[in-house]
Amino acid sequence: MNLILLGPPGSGKGTQAKMLVEKYDIPQISTGDILRAAVKEGSPMGLKAKEYMDKGKLVPDDVVIGIIEERLKKDDCKKGFILDGFPRTLAQAEALKRLLAKKEIKLDAVISIDVDEEEVIRRLTGRRTCKNCGAMYHIIFSPPKKEGICDKCGGELYQRDDDKEETIRARLKIYKEQTAPLIEYYKMEGLLKEVQGTGEIKEIFNRIESILS
Ligand code: AMP
């Protein structure tokens, strides 16, 4: 199964991707996670990406396309993959199309998760991430047992710089201008499946599952 998850920041793409990984045993490929790991490592790519990420801007297309090209070469992608947070621009979608055509791989579906702007802001300003394992919490909707500490590994929880309200508004503006046009693009390709992204996490997952089966 080869999937793309599309949706604004905070739409729950990462959460749903993790549940799909469990169910279909295929890897989640999140450009955001790969970039954050590069920032943490302090690699030249990470240092360059950080400047964009902290401002809520998109990292240049050539950087993320290169990341995806390398990642798709790995053996675990042979059974399929879930792209989470890529593509985010038409240029990325076109590059992906060429890349997959060369490998003779077909996309099965593009799932677009729909959540309105105020809900996204409510979700993201309360989001806390574990510095150590990347697990995510929400101060109201899914708080950790002990404030500031990860239930899974005991790591310290922090607020991503790009989860501050001002940066979220910038990310949403960029989403509308650069990523939302992909909804039309994949509609034209006959691949788009739209899912309402509000409600219980499991409920949203059921909607996705029913589309995929
Ligand atoms: P995410 O975790 O998917 O919200 O991504 C966090 C940040 O990483 C974004 O705000 C961008 O700065 C950068 N990023 C992730 N994926 C991409 C992409 N496909 N194209 C450009 N920038 C990206």
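We're numbering straight along the sequence, starting at 1. When a ligand or atom number is given, it counts from 1 through the structure's own listing order.
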Tabulated below should be the N or O atoms of ligand 1 paired with protein N or O atoms at under 3.5 Å; can you produce that?
| unit_1 | atom_1 | unit_2 | atom_2 | d |
| --- | --- | --- | --- | --- |
| ligand 1 | 2 (O) | Arg36 | NH1 | 2.9 |
| ligand 1 | 2 (O) | Arg36 | NH2 | 3.0 |
| ligand 1 | 2 (O) | Arg160 | NH2 | 3.4 |
| ligand 1 | 3 (O) | Arg88 | NH1 | 3.1 |
| ligand 1 | 3 (O) | Arg88 | NH2 | 3.2 |
| ligand 1 | 4 (O) | Arg88 | NH2 | 3.2 |
| ligand 1 | 4 (O) | Arg171 | NH2 | 3.0 |
| ligand 1 | 12 (O) | Lys57 | O | 2.6 |
| ligand 1 | 16 (N) | Thr31 | OG1 | 2.8 |
| ligand 1 | 16 (N) | Gly85 | O | 3.4 |
| ligand 1 | 16 (N) | Arg88 | NH1 | 3.0 |
| ligand 1 | 19 (N) | Gly85 | O | 2.9 |
| ligand 1 | 19 (N) | Gln92 | OE1 | 3.0 |
| ligand 1 | 20 (N) | Gln92 | NE2 | 2.9 |
| ligand 1 | 22 (N) | Val59 | N | 3.0 |

Legend entry - Straight-line distance of Phe81 CZ to Lys74 NZ, nearest 0.5 Å: 15.0 Å
Legend entry - Nearest-0.5 Å distance, OG of residue Ser30 to CD1 of residue Ile82: 11.5 Å
Legend entry - Partner of Glu194 under side chain to side chain contact (heavy atoms under 4.5 Å, CB included), chosen from Ile183, Val110, Ile111: Ile183
Inset, instruction - Report yes or no: do Thr89 and Asp61 form a side-chain donor-acceptor pair below 3.5 Å? - result: yes
Inset, instruction - Any chance you could measure Ile113, atom CD1, to Thr198, atom OG1, to the nearest 0.5 Å? - result: 11.0 Å
Inset, instruction - State the CZ-CD1 distance between Arg128 and Ile139, to the nearest 0.5 angstrom. - result: 4.5 Å
